[in-house]
Each structure stands twice: as structure tokens, then as C-alpha cells.
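What follows is a short report on a single structure.
Residues take their numbers from the sequence shown, with the count starting at 1.
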Amino acid sequence: MLILGVDPGSLRTGYGAIDTDGRRHRLVEKGAIAAPRRHSLPERLRHIHAGIAGVIERLGPDLLAVEDVFHAANTRTALVLGHVRGVVLLAGAEAGLPVHEFPPATVKQQVTGFGRADKRQVAFMVARILDLPGPGEAGDAADALAVALCLACVHTGAVVPS
């Protein structure tokens with residue numbers, strides 16, 4: 001089963017695709033869609049939507065997993081991230097994908113065993129679970145892979161190896 005995970009961001013939206021049988025997980029592709037900072041929000045949203053739609057078309061995932069909006073201290077930030085999530089959800093719906101949404105704490109709990117893990121801990125566990133070289137690189141793609149791994153565990157009832 002191919003799962004595409006997405007970590008929405010207004011300037012960089014991370015994505016990561018894994019192939020899984022429920023017990024073993026393999027990296028297929030990871031990256032980020034960078035929206036030009038100088039563009040207006042509607043233009044950045046168009047860019048992100050087109051980018052995610054392109055990834056979906058190219059990879060043909062079976063499921064889409066999207067991280068929920070965290071409780072931002074800044075209301076405007078939360079609203080903008082809500083818009084980004086909306087265009088990601090739209091891309092999934094347009095492709096006819098089943099879409100699953102997870103709060104950040106759930107993703108962290110599933111991947112690291114600790115719901116308040118920091119980005120480095122998440123990246124480290126993503127690298128271990130996917131058998132990637134090195135300690136893991138924190139960032140948008142690692143967060144998106146964590147979302148995909150979370151869905152793999154929830155969908156199959158498996159427990160991520162520690």
C-alpha cells in the first residue's frame with residue numbers, strides 16, 4: 001500500500017510517500033513544495049495545490065494522510081495553515097483518495113512513543129523506521145513521512161518498531 005503524508009505549511013509544504021505492508025515500511029519519495037514568499041496567499045495556495053496534485057498524479061498513492069492544524073499562538077498563522085490544509089484536502093478529494101487527518105501529538109505518539117517529541121526526535125525515528133542512513137534530518141519532509149507512518153500504523157493496527 002502506498003501512503004502519501006503531507007505536513008502543510010504556507011511557505012513549505014512537506015510530503016513523503018511510503019510503501020508499506022503494515023509491518024515493513026519503505027521510503028518511496030520525500031520533498032517539499034516551496035511557495036514563493038513574495039506571492040500573495042491565493043497564489044501560494046494555487047502553487048501548493050498544483051504541487052500536491054502533481055505528486056498525487058505521479059505517485060498514485062492509495063491513501064492520503066494530512067497533519068491537522070496545531071494550536072498556534074498566532075491566530076493568523078492558524079488560519080493560513082487551515083487554508084493550506086484545505087487545498088491539500090481538495091487535491092486528495094479530486095483524486096478520489098481516502099483522506100485521514102491526525103493531530104501532531106498523535107503523529108508524534110505513533111512514531112516516537114511520546115506525544116510531545118521534538119522535531120529531531122521525530123526525524124530520528126523516521127530515519128530508523130525507514131532504515132535511512134544517518135540520524136535523520138528534521139524538516140518538512142521528515143514530518144510528512146511521520147504522518148504517513150502514523151496512518152500506516154493506525155490503518156493496519158501495527159505498532160511502529162522502536
Side-chain angles (χ1 to χ4, degrees), residues 1-35 48 51-52 55-56 58-74 77-78 80-93 95 97-162:
M1 166 181 13
L2 188 65
I3 299 174
L4 177 63
V6 178
D7 177 39
S10 64
L11 296 175
R12 289 181 52 87
T13 292
Y15 70 89
I18 62 168
D19 186 29
T20 182
D21 64 5
R23 293 183 328 120
R24 290 182 309 269
H25 315 288
R26 181 183 62 83
L27 173 67
V28 174
E29 182 176 319
K30 65 178 180 165
I33 297 160
I48 292 164
I52 290 296
V55 170
I56 290 171
R58 187 174 71 254
L59 298 179
D62 300 300
L63 302 169
L64 176 63
V66 182
E67 189 169 79
D68 241 336
V69 176
F70 63 95
H71 298 288
N74 183 323
T77 300
V80 169
L81 287 177
H83 292 314
V84 175
R85 284 187 73 254
V87 299
V88 171
L89 297 175
L90 174 62
L97 290 175
V99 178
H100 302 267
E101 304 169 65
F102 298 101
T106 300
V107 173
K108 292 173 183 180
Q109 179 68 41
Q110 286 292 325
V111 174
T112 70
F114 179 55
R116 298 186 70 185
D118 66 31
K119 286 188 170 288
R120 288 175 311 172
Q121 291 169 313
V122 171
F124 177 82
M125 285 306 297
V126 165
R128 296 295 66 79
I129 294 164
L130 295 175
D131 198 26
L132 303 176
E137 184 178 325
D140 305 305
D143 291 347
L145 287 168
V147 176
L149 287 165
C150 177
L151 176 54
C153 294
V154 169
H155 186 72
T156 62
V159 176
V160 172
S162 52

Give me the atom names and distance for the closest heavy-atom approach of L59 to A17. CD1-CB, 3.7 Å

Atom pair CZ/CG of R12 and D143 - distance to nearest 0.5 Å: 11.0 Å

Do V147 and V6 touch side chain to side chain, with heavy atoms closer than 4.5 Å? no

So which atom in A127 and which in G134 form the shortest heavy-atom distance, rounded to 0.1 Å? CB-O, 4.1 Å

Got I3 and P61 here, is their nearest side-chain heavy-atom distance under 4.5 Å? no

For the residue pair A78 and V69, what are the closest heavy atoms and their distance? O-CG1, 4.0 Å

Once you round to the nearest 0.5 Å, how far does CD1 of I48 lie from NE2 of H83? 11.5 Å

With a sphere of 6.0 Å drawn around CZ of R116, does it hold more than 12 non-hydrogen atoms of other residues, nucleotides or ligands? no

Tell me whether E101 at atom CD has more than 12 heavy atoms from other residues, nucleotides or ligands lying less than 6.0 Å away. yes

Could you tell me which non-hydrogen atom of A35 sits nearest to which non-hydrogen atom of S10, and how far apart they are? CB-O, 3.7 Å

Can you measure from CG (L81) to OG1 (T13) and round to the nearest 0.5 angstrom? 8.5 Å

Does R128 make a cation-pi contact with F124 (under 6.0 Å, within 45 degrees of the axis)? yes

Taking every non-hydrogen atom, the tightest pair across K119 and A138: O-CB, 3.9 Å

With rounding to the nearest 0.5 angstrom, report the CG to CZ distance, L2 to R26. 8.5 Å

Separation between CE (M1) and NE2 (H25), nearest 0.5 Å, reads 9.5 Å

Audit row: Q110, L149, side-chain contact (heavy atoms from CB on, under 4.5 Å) steps and yes/no: CA-CA 8 Å; Q110 286 292 325; L149 287 165; over 6 Å; no

Smallest heavy-atom separation, Y15 atom then A32 atom, equals CE2-N, 3.6 Å

How many angstroms lie between CD in E67 and CG in D140, if you round to the nearest 0.5 Å? 10.5 Å

Test: D68 and R85 ion pair at under 4.0 Å: yes

Any heavy-atom pair between the side chains of I129 and L145 that's under 4.5 Å? no

